[in-house]
Amino acid sequence: MTLRAGREFLAIPGPTTVPDEVLRAMHRPAVDLYAGPLLALTDSLHRDIARVFRTEGRAYIYIGNGHGAWEASLTNVLSKGDKILVLESGRFAVGWGEYARRMGVEVEVLKGDMRRAVRPSEVEDRLKADKGGSIKAILVAQIDTASGVVNDIAAIGKARQAAGHDALLMVDVVASLGCIPFEMDAWGVDLAMAGSQKGLMMPPGLGFVAANDRARQAHKTAGLRTPYWDWTDRESDVHYQKFAGTPPEHMLFGLRQALDLLFEEGMENAFRRHRLLAEATRRAIDVWAGGQALTFNIVAPEERCDTVSVVLTQGCDPDALRTWCREHCGVVIGHGIGELAGKAFRVAHMGHVNAPMMLGTLGVIEMALGAMGVPHGPGGVAAAISWLGQQVGHGGLKADQVDR
Ligand SMILES: *Cc1c(COP(=O)(O)O)cnc(C)c1O
């Protein structure tokens with residue numbers, strides 16, 4: 001018996017659910033790329049992407065995914081033989097650093113682990129020890145989707161300042177942009193990058209990079225520049241140059257609609273929605289963890305992020321649980337990646353999600369735990385519902401005012 005007819009729900013940390021409005025905006029013929037409304041659309045998107053990053057700096061839109069935006073970032077500001085510092089807290093900053101290493105950059109990893117956030121004091125100590133200023137850039141992910149951690153980027157920015165170091169601060173916000181506060185300029189971030197298919201509610205296929213004046217200064221002497229990613233080419237007034245060739249027209253139509261949805265909701269409201277749905281998920285997991293078979297990957301509650309919850313499984317096979325959810329109920333749960341493969345599952349609460357989507361997902365997981373005989377505390381979903389019921393309706397709260 002299955003209950004999966006109807007729309008399948010993706011509860012994985014990207015790609016996420018694409019709103020019908022966005023799909024409809026993309027369903028149209030191609031247009032002239034040399035003249036007409038597309039030119040103004042491109043300008044509006046570059047402006048509004050910078051607005052989402054919260055920077056007065058410049059934004060670049062690439063045909064590519066997050067990995068493409070990683071490469072775009074590195075090639076535009078670094079040279080062969082430069083040294084960078086990668087802040088480990090999962091897999092993604094390390095993966096970004098691995099790209100740099102393959103391009104001939106010297107990479108030092110500030111050791112962290114899968115179960116906690118980067119410690120800003122350790123960043124400060126390492127930078128203070130770099131007397132000659134050999135470190136050219138610092139790479140970190142705001143949210144790491146493999147571990148489920150959120151790093152305190154403001155504190156890392158302050159750590160660099162306290163160390164009096166001028167390395168570029170480069171932040172991966174693929175899994176956090178549009179979902180939790182990110183203040184590129186106010187936090188002293190020089191470069192940030194993201195992709196379209198997570199918090200921005202778009203299909204996969206676009207990569208974004210935002211750069212401030214310091215990053216654009218470094219660009220002038222960067223030796224790793226290549227034609228396709230090069231910012232100078234893309235800053236041209238010629239429309240064709242802005243995308244190094246034919247623009248991804250339909251993705252631009254969709255992106256306009258997705259950003260309009262985000263602005264219409266209000267970014268603060270979107271942040272609060274993510275905080276509430278994440279906390280509801282955590283309340284359910286907390287109850288289930290009473291059965292001793294499940295536990296949060298991230299040890300400190302305040303370091304658990306608002307876009308994906310990573311759950312370690314001691315007493316059950318996470319992949320069998322995921323298969324059960326998909327095949328019986330049409331809910332796709334994320335698998336553990338890297339060293340957590342076969343040891344964890346991941347529930348995303350990212351992008352175009354609402355209470356019925358998340359409560360339905362939690363309900364299916366609780367069904368699966370019961371059906372598969374996995375020991376778990378009873379009433380996780382009830383705890384999520386009762387907590388959400390208390391929070392919702394108290395209008396005007398900011399994301400950081402929600403209890404957790
Ligand atoms: C998903 C993700 C990426 C990679 O994005 P792709 O579009 O799959 O290349 C990079 N960083 C983080 C934090 C991510 O969550």
Side-chain angles (χ1 to χ4, degrees), residues 10-18 49 52-53 60-75 86-100 102 109 112 114 117-118 138-153 156 169-180 182 184 189 191-210 228-229 248 251 254-255 258 274 278 297-298 303-310 332-341 344-353:
L10 279 185
I12 57 176
T16 60
T17 298
V18 180
I49 284 292
V52 173
F53 277 98
Y60 306 89
I61 301 175
Y62 293 97
I63 301 172
N65 54 14
H67 285 70
W70 277 353
E71 190 159 325
S73 306
L74 298 167
T75 57
V86 169
L87 311 183
E88 181 184 18
S89 64
R91 276 183 69 82
F92 286 95
V94 173
W96 192 6
E98 183 58 18
Y99 263 34
R102 289 174 62 183
V109 176
M114 268 316 256
V118 170
I138 305 160
L139 268 48
V140 62
Q142 187 181 22
I143 284 180
D144 189 295
T145 11
S147 63
V149 81
V150 57
N151 285 309
D152 186 343
I153 302 299
I156 292 168
L169 179 55
M170 300 178 42
V171 184
D172 173 335
V173 292
V174 177
S176 49
L177 193 69
C179 306
I180 68 170
F182 178 71
M184 178 159 156
V189 174
L191 181 154
M193 50 68 57
S196 52
Q197 78 278 19
K198 298 191 183 180
L200 297 183
M201 307 180 283
M202 280 280 292
L206 293 180
F208 308 109
V209 177
Y228 184 73
W229 304 117
M251 296 294 280
L255 182 62
H274 279 85
N297 178 55
I298 296 300
E303 295 180 355
R304 295 171 190 154
C305 76
D306 282 345
T307 59
V308 60
S309 293
V310 180
V332 185
I333 310 288
H335 63 284
I337 58 175
E339 61 193 78
L340 298 188
F345 64 85
R346 300 181 298 159
V347 186
H349 19 82
M350 184 191 289
H352 191 60
V353 285

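Note that the coordinates shown come from a computational prediction; the quantities given were computed from them, not determined experimentally. Counting starts at 1 for both ligands and their atoms, in listed order.
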Residue-ligand contact W96/ligand 1, heavy atom below 4.0 Å:
no

Does D144 reach ligand 1, in the sense of a heavy atom lying below 4.0 Å from it?
no

Is Q142 near ligand 1, meaning one of its heavy atoms is under 4.0 Å from it?
no

May I ask you to identify the nearest protein heavy atom to atom 14 (C) of ligand 1, giving residue, atom name and distance to one decimal place in Å?
K198 NZ, 2.9 Å

Give the residue and atom name of whichever protein heavy atom lies nearest to atom 8 (O) of ligand 1, and the separation in Å to one decimal.
Q197 NE2, 3.8 Å

Would you say V171 and I156 make side-chain contact, with heavy atoms under 4.5 Å?
no

Should you measure from each heavy atom of G66, which atoms of ligand 1 turn up under 4.0 Å away?
5 (O), 6 (P), 7 (O), 9 (O)

Using a 4.0 Å cutoff against the non-hydrogen atoms of A175, which atoms of ligand 1 qualify?
15 (O)

Close side-chain approach of V173 and F53, heavy atoms under 4.5 Å:
yes

Tell me the protein heavy atom at minimum distance from atom 9 (O) of ligand 1, and give that distance in Å.
H67 ND1, 2.5 Å

Check for me whether I143 has a heavy atom closer than 4.0 Å to any atom of ligand 1.
yes

Atoms of ligand 1 under 4.0 Å from any heavy atom of T145, numbered from 1 in the order shown, are 12 (C), 13 (C), 14 (C), 15 (O)

